[in-house]
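Structure first, commentary second.
As a basis for the values below, the full set of heavy atoms in this structure was taken, side chains included, without hydrogen atoms, waters or symmetry mates.
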Amino acid sequence: MDTIFALASAQGKAGVAVIRVSGPLALDAGVALCGGQLPARGSSLRVLKDESGERLDEALVLSFTAPSSFTGENTVEFQTHGSTAVVSAVLDSLGRIDGLRMAEPGEFTRRALENGNLDLAQVEGLADLIDAETEAQRKQAQVILAGGLGQLAEAWRANLIRAASLIEVTIDFADEEVPVDVTPEVTALLAEVQAGLERETAGVKIAERIRSGFEVAIVGAPNVGKSTLLNALAGRQAAITSEYAGTTRDIIEVRMDLAGLPVTLLDTAGLRDTEDHVEGIGIALARKRAEDADLRVFLAEDHEVLDVEMRTGDIRLRPKADLRSDQVNSVSGRSGQGVDQLVNHVSSVLKTRSAQAGIATRARHRDAMLSALLSLTEAQDILQRGPEFYDIAAEEMRSAIRALEMLVGRIGVENLLDEIFSSFCLGK
C-alpha cells in the first residue's frame with residue numbers, strides 16, 4: 001500500500017500547520033526529514049531538513065505505530081509553523097521521497113475504515129462533525145463518531161444471530177426430539193430488535209433536520225411585514241422591503257443558530273390572487289415551501305382566512321404591533337416588539353421536536369433499518385406457521401442481519417464510498 005501525505009489543517013496562514021503522513025514508509029519519511037530516529041509512539045521537537053540538508057522549520061513531530069493510530073497504519077504528524085511557505089517546502093520535500101504520494105480527498109479516513117478503526121456510520125459522523133455549525137449538530141455528530149449507532153447495530157445483530165442460531169438448531173435436529181421449545185426466546189429476541197429499530201427509524205427525520213437544518217417559513221398576505229420581520233430576526237438587511245405589495249417574489253433564505261439548533265428562515269411571497277405571471281410563480285413557490293417547512297409563522301389578522309392550513313405547533317401572530325393600541329399576540333419587525341418572544345417560541349417548539357431525534361441521521365441509515373424491519377416482520381409471521389417453515393424464517397433473519405451490516409458499512413456499500421469520501425478534504 002502507498003504511503004500518503006497531506007496538509008491536515010486548514011489551508012492558508014495560521015499559527016500552526018499539521019502535515020500528516022500515513023503508510024508503511026511513514027516512519028522512514030519522518031527519519032528522512034528529522035535526521036534521526038523517532039520514538040515508536042510519542043512526540044519530539046525536531047529540526048526538519050530537506051534532502052540537501054537545508055533547514056525547513058522546527059516542528060513538533062508526533063509518531064504512531066500501527067495499529068495504534070487514526071488510520072491503523074504507521075503515522076507521523078509534523079506540527080510546523082503555519083506559513084504557506086513552510087507548508088509548501090515540507091510538502092515538496094515529502095513529495096521527493098520515493099514511495100510517497102499526495103493523499104486523495106478523504107483517503108486517511110478511508111484507510112481508517114478499511115483497517116477497522118472506524119465503521120461507515122462513524123465516518124459519516126466525522127464528516128458531520130467537521131461541518132457542524134451549531135451546538136446541537138456538534139453533539140449529534142459526536143454521538144455518531146463515538147460509535148453510538150454502530151453499538152446499537154451490533155447489539156441488534158447479536159440478538160438476531162442468537163435467534164437465527166436457535167432456529168437453525170431446531171432445523172438441524174428436525175428428526176430428533178429437541179428438549180426445549182426455542183420459539184418463545186426467538187420471538188422475544190425478534191420483538192426486542194424490532195422495537196429498537198422502530199424507535200430509531202421514527203427519529204431519523206428529526207435527526208436529519210438537526211444535521212441539515214430546520215426550515216421556518218414566514219407566511220402571510222402582501223405588505224404585512226414578513227420581510228421586515230425576517231430582517232429583524234437575521235439582524236441584517238437580508239430582504240428588500242417597501243410599501244408596495246408584491247415586492248418579494250422569490251424565497252429569501254437566512255441561515256441562523258437558534259438555541260443551538262440550525263434554522264433556515266424563509267421569507268415567502270405574499271399570498272394573494274394576482275395576474276402578474278412572475279409574481280404568480282413566486283406565490284406558488286411560497287405555498288409549496290410553506291407546506292414543506294418544519295414550522296410556519298403566520299402573520300395575519302384574527303379574522304383573516306389563510307390560504308395555507310395551520311398545523312400543530314405553527315405560530316400565528318398579528319402583524320405590525322407598532323401600529324396597534326392592543327399589542328397582544330402581535331409582532332413588529334420594524335420596532336422589535338414581540339421579536340424576542342417569537343424567537344423563544346420558535347426555539348421552544350424546535351427543541352421539543354429535537355428531543356424525539358434518534359441516533360441515526362441519514363436516509364441511508366433509515367433505508368437499512370427499514371429493510372431489516374421488513375425482514376423481521378416476515379420472520380415473525382413465518383414463525384407462526386410452524387416448524388416446517390423455520391428454514392424460511394431463518395433466512396429472513398439472515399436478511400435482517402445483512403441489512404444491519406450495510407448500516408455500518410461491513411457489506412454492500414462500495415458504491416457509496418467514493419461519494420462519501422469526496423466530501424472530505426485532502427488531509428482527512
Side-chain angles (χ1 to χ4, degrees), residues 128 132-141 143 199-221 224-235 238-239 251-268 270-271 286-302 304-321 327-333 335-362 366:
D128 291 342
E133 298 175 340
T134 70
E135 182 65 5
Q137 289 174 324
R138 181 192 68 80
K139 289 180 177 179
Q140 182 185 67
V143 171
R199 183 171 57 252
E200 281 302 315
T201 302
V204 170
K205 183 177 180 179
I206 295 298
E208 279 187 295
R209 281 310 196 196
I210 294 174
R211 185 172 67 85
S212 62
F214 291 93
E215 287 194 348
V216 177
I218 304 174
V219 183
V224 295
K226 298 187 299 298
S227 297
T228 303
L229 178 59
L230 176 79
N231 291 338
L233 292 168
I251 305 294
I252 308 298
E253 301 185 7
V254 174
R255 192 170 177 87
M256 60 191 301
D257 182 332
L258 286 185
L261 293 170
V263 175
T264 298
L265 295 173
L266 308 176
D267 176 23
T268 60
L271 302 180
R287 287 194 174 96
K288 177 67 168 60
R289 290 298 295 273
E291 289 290 346
D292 293 341
D294 300 289
L295 179 65
R296 283 82 59 81
V297 176
F298 291 91
L299 298 184
E301 300 294 344
D302 293 336
E304 193 172 342
V305 178
L306 301 173
D307 287 350
V308 178
E309 185 179 352
M310 289 189 67
R311 297 193 298 251
T312 302
D314 284 345
I315 301 168
R316 179 166 177 161
L317 297 170
R318 296 187 297 166
K320 302 184 178 180
Q327 297 177 353
V328 176
N329 198 39
S330 61
V331 66
S332 169
S335 68
Q337 292 166 268
V339 171
D340 288 344
Q341 292 87 338
L342 173 60
V343 169
N344 291 336
H345 193 165
V346 170
S347 300
S348 177
V349 171
L350 296 182
K351 286 173 72 174
T352 299
R353 294 184 185 180
S354 297
Q356 304 166 20
I359 295 177
T361 60
R362 296 173 180 253
R366 181 182 62 245

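- Nearest heavy atoms, Ala293 versus Arg311: O-NH2, 2.7 Å.
- Applying the salt bridge (Lys or Arg N to Asp or Glu O under 4.0 Å) criterion to Arg353, with sequence neighbours excluded, gives no partner residue.
- The structure places CG of Leu265 at 6.5 Å from CG of Leu258, a figure rounded to the nearest 0.5 Å.
- The pair Lys205-Glu208 does not count as a salt bridge, with every side-chain nitrogen at least 4.0 angstrom from each carboxylate oxygen.
- Lys226 places a side-chain N or O within 3.5 Å of a backbone atom of Ala221 that can act as its donor or acceptor partner.
- One distance of note links CG of Leu342 with CD1 of Ile315; it measures 5.5 Å at 0.5 Å rounding.
- Counting only distance, with no hydrogens or angles, the side chain of Ser347 and the backbone of Val343 share a donor-acceptor pair below 3.5 Å.
- In this structure, Arg362 contributes its side chain and Val204 its backbone to no donor-acceptor pair below 3.5 Å.
- For Gly333 against Thr228, the heavy-atom pair with the smallest separation is C-CG2, 3.5 Å.
- Between the side chain of Arg209 and the backbone N or O of Ser354 there is no donor-acceptor pair closer than 3.5 Å.
- Of the charged side-chain nitrogens involved, at least one lies within less than 4.0 Å of a carboxylate oxygen, so that Asp314 and Arg296 count as a salt-bridged pair.
- Residues Gln337 and Ser330 form no side-chain contact, since every pair of their non-hydrogen atoms from C-beta on lies 4.5 Å or further apart.
- In terms of heavy-atom proximity, Glu304 sits nearest to Arg316 at O-NH2, 2.8 Å.
- A distance of 7.0 Å separates CD1 in Ile206 from CG in Asp294, rounded to the nearest 0.5 Å.
- At least one side-chain heavy atom of Leu233 sits less than 4.5 Å from a side-chain heavy atom of Ile218.
- Remark: Ser332 OG to Arg318 CZ distance equals 12.5 Å, nearest 0.5 Å.
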